[in-house]
There are 2 protein chains.
Amino acid sequence: MADDSAVVADFPAAGHDHARCLAGALATAEALCRHRGLRLTELRRQVLELIWAEHRPIKAYELLERLRERRSGVAPPTVYRALDFLLQEGLIHRVESMSAYIGCSAPERRHPVQLLVCRRCAAVAELADGEIEALLRRKAQGLGFEVDSATIELEGVCPQCRG
Amino acid sequence: MADDSAVVADFPAAGHDHARCLAGALATAEALCRHRGLRLTELRRQVLELIWAEHRPIKAYELLERLRERRSGVAPPTVYRALDFLLQEGLIHRVESMSAYIGCSAPERRHPVQLLVCRRCAAVAELADGEIEALLRRKAQGLGFEVDSATIELEGVCPQCRG
DNA sequence: CCTAGAATGTTATACCGTACCGAATATGCC
DNA sequence: GGCATATTCGGTACGGTATAACATTCTAGG
Ligand SMILES: [Zn+2]
Ligand SMILES: [Zn+2]
Ligand SMILES: [Zn+2]
Ligand SMILES: [Zn+2]
């Protein structure tokens, strides 16, 4: 049986209460960092907030622009350092096929990541499907390959864009 | 049951007859292009040959360097155009996690691609596993998502490097 | 030939990411 | 509090990846 909880984040509905997404993500991040003894500094919090601002993948240099509206003279290393921290802690994911970043919807637990990316509107759904993970691991094991991490991204058209 | 033919290319053995890999890949490409009414020009053939030269992923600018040993004054667009053609025709695959390119071991048929990349030696195994493909498609369908293409890459340690 | 389309040459530039160094800031200990 | 230490951040410079735009050459078909 498929485990429904594997869908960490469905495609966001058009009129959903996104202020709630944002507030929730920030609160979770705060709690998580406190629990892990890490510092969610003002910079990191701002970057996370900007990433969640659109509920869509955002590129590093776009992030840089937005960040400059609040902090003067910010350079690429500043934003990349914040991204590294957020990636490291599982608070965001990198969308490889877009060189972009998106907030994780279940950062409180480490999980496999499978992303569904709409090529029309760039909306992203996030899976944390153990069945996929297990199948891939099993196939790899058949070749004597030990999996450390996986990049799973599906490109296609989301329900909204299929109309 | 798992279909063994899903393993398009296992990790290359240390002392394998690579001249044979290279010759086979070029011959297949030639036949395939003739069959499709496409032109495997000298440039494209040379790029494909350079990609197969090491039986490992190779980066675009490294390719550019190598190509310059044979052709003077080659610029990035030249190599990227050749790469585009080879990708389009399924003669090579892009390794997203490395921004690199590797020859396809079964270009004569269109197939799903799953890559296993060794983080120690950069060797790559290529799967064309229908079971993985089907599972992903089924999971996506559960969200009303229509899959056009997929990027599946597993990073880990290959049998040789595990020792 | 002549011509239209394809392929390649050429220049310039945009975009993505990091090495490196030094300043500021937080943390733990006396 | 004062001090040493480690982390975080500012800022410069640069390297790696990829494409836009336009000129030129090549190729196949009439
Ligand atoms: Zn939202
Ligand atoms: Zn969409
Ligand atoms: Zn070989
Ligand atoms: Zn290896």
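Chain letters run A, B, ... following the sequence lines, proteins first, then strands; residues in each count from 1. In what follows, every heavy atom counts, from backbone to side chain, and hydrogens, waters and symmetry copies are set aside.
In this view, R44(B) satisfies the side-chain hydrogen bond (donor to acceptor under 3.5 Å, both in side chains) rule with no residue, not counting sequence neighbours. Shown here are the side-chain hydrogen bond (donor to acceptor under 3.5 Å, both in side chains) partners of R71(A), two or more places apart in sequence or in another chain: Q46(A). The ring pair (Phe, Tyr, Trp, His ring centres under 6.0 Å) test applied to Y80(A) returns no partner, not counting sequence neighbours. In this structure, Y101(B) has no ring pair (Phe, Tyr, Trp, His ring centres under 6.0 Å) partners at least two apart in sequence or on a different chain.
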Nucleic acid footprint by protein, nucleotides 9-21 of chain D - heavy-atom cut-off 4.0 Å, B for base, S for sugar-phosphate alone: BBBB----BBBBB
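Direction change of the helix axis from one end of the helix from dC1(C)-dG30(D) to dC30(C)-dG1(D) to the other is 30°, with five pairs defining each end axis (rounded to 10°).
For the pair E96(B) CD and dG17(C) P, the interatomic distance rounds to 12 Å; values are reported in whole Å. Across the protein-nucleic acid pair, L67(B) atom CG and dA7(C) atom P stand 17 Å apart, rounded to whole Å. Whole-Å rounding puts the E65(A) CD to dA14(C) P distance at 13 Å. Rounded to an integer number of Å, the gap from CG of L86(A) to P of dT8(D) is 12 Å.
Screening residues 75-100 of chain A for salt bridge (charged side-chain N to carboxylate O under 4.0 Å, His left out) gives R36(A)-E89(A), E89(A)-R110(A), R94(A)-E96(A) as the qualifying pairs, with residues at least two apart or on separate chains. Within the structure, the salt bridge (charged side-chain N to carboxylate O under 4.0 Å, His left out) test picks out the following pairs touching residues 114-126 of chain A (sequence neighbours left out): R119(A)-D148(B). Applying the side-chain hydrogen bond (donor to acceptor under 3.5 Å, both in side chains) test to every pair with at least one member in residues 149-163 of chain B, sequence neighbours left out, gives these pairs: E146(A)-R162(B), S97(B)-E153(B). Sorted by first and then second residue, the pairs that involve residues 35-75 of chain B and meet ring-ring contact (aromatic ring centres under 6.0 Å, His included), not counting sequence neighbours, are H16(B)-H55(B), H18(B)-H55(B), W52(B)-H55(B).
Side chains of L143(B) and L127(A) form a contact here, defined as non-hydrogen atoms less than 4.5 Å apart. Side-chain atoms of L40(B) and L32(B), non-hydrogen and from C-beta on, never get closer than 4.5 Å to each other. Here the side chains of F85(B) and L38(B) are in contact, with some heavy-atom distance below 4.5 Å.
Salt bridge E62(B)/R66(B): present, at least one basic N to carboxylate O contact under 4.0 Å. A salt bridge between R45(A) and E42(A) is present, with a side-chain N of the basic residue lying under 4.0 Å from a carboxylate O of the acidic one.
DNA chain C is contacted by no residue of residues 45-58 of chain A, taking any non-hydrogen atom closer than 4.0 Å.
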Could you list, one pair per line, each protein nitrogen or oxygen that sits under 3.5 Å from a nitrogen or oxygen of nucleotides 26-28 of chain D, together with the distance?
none

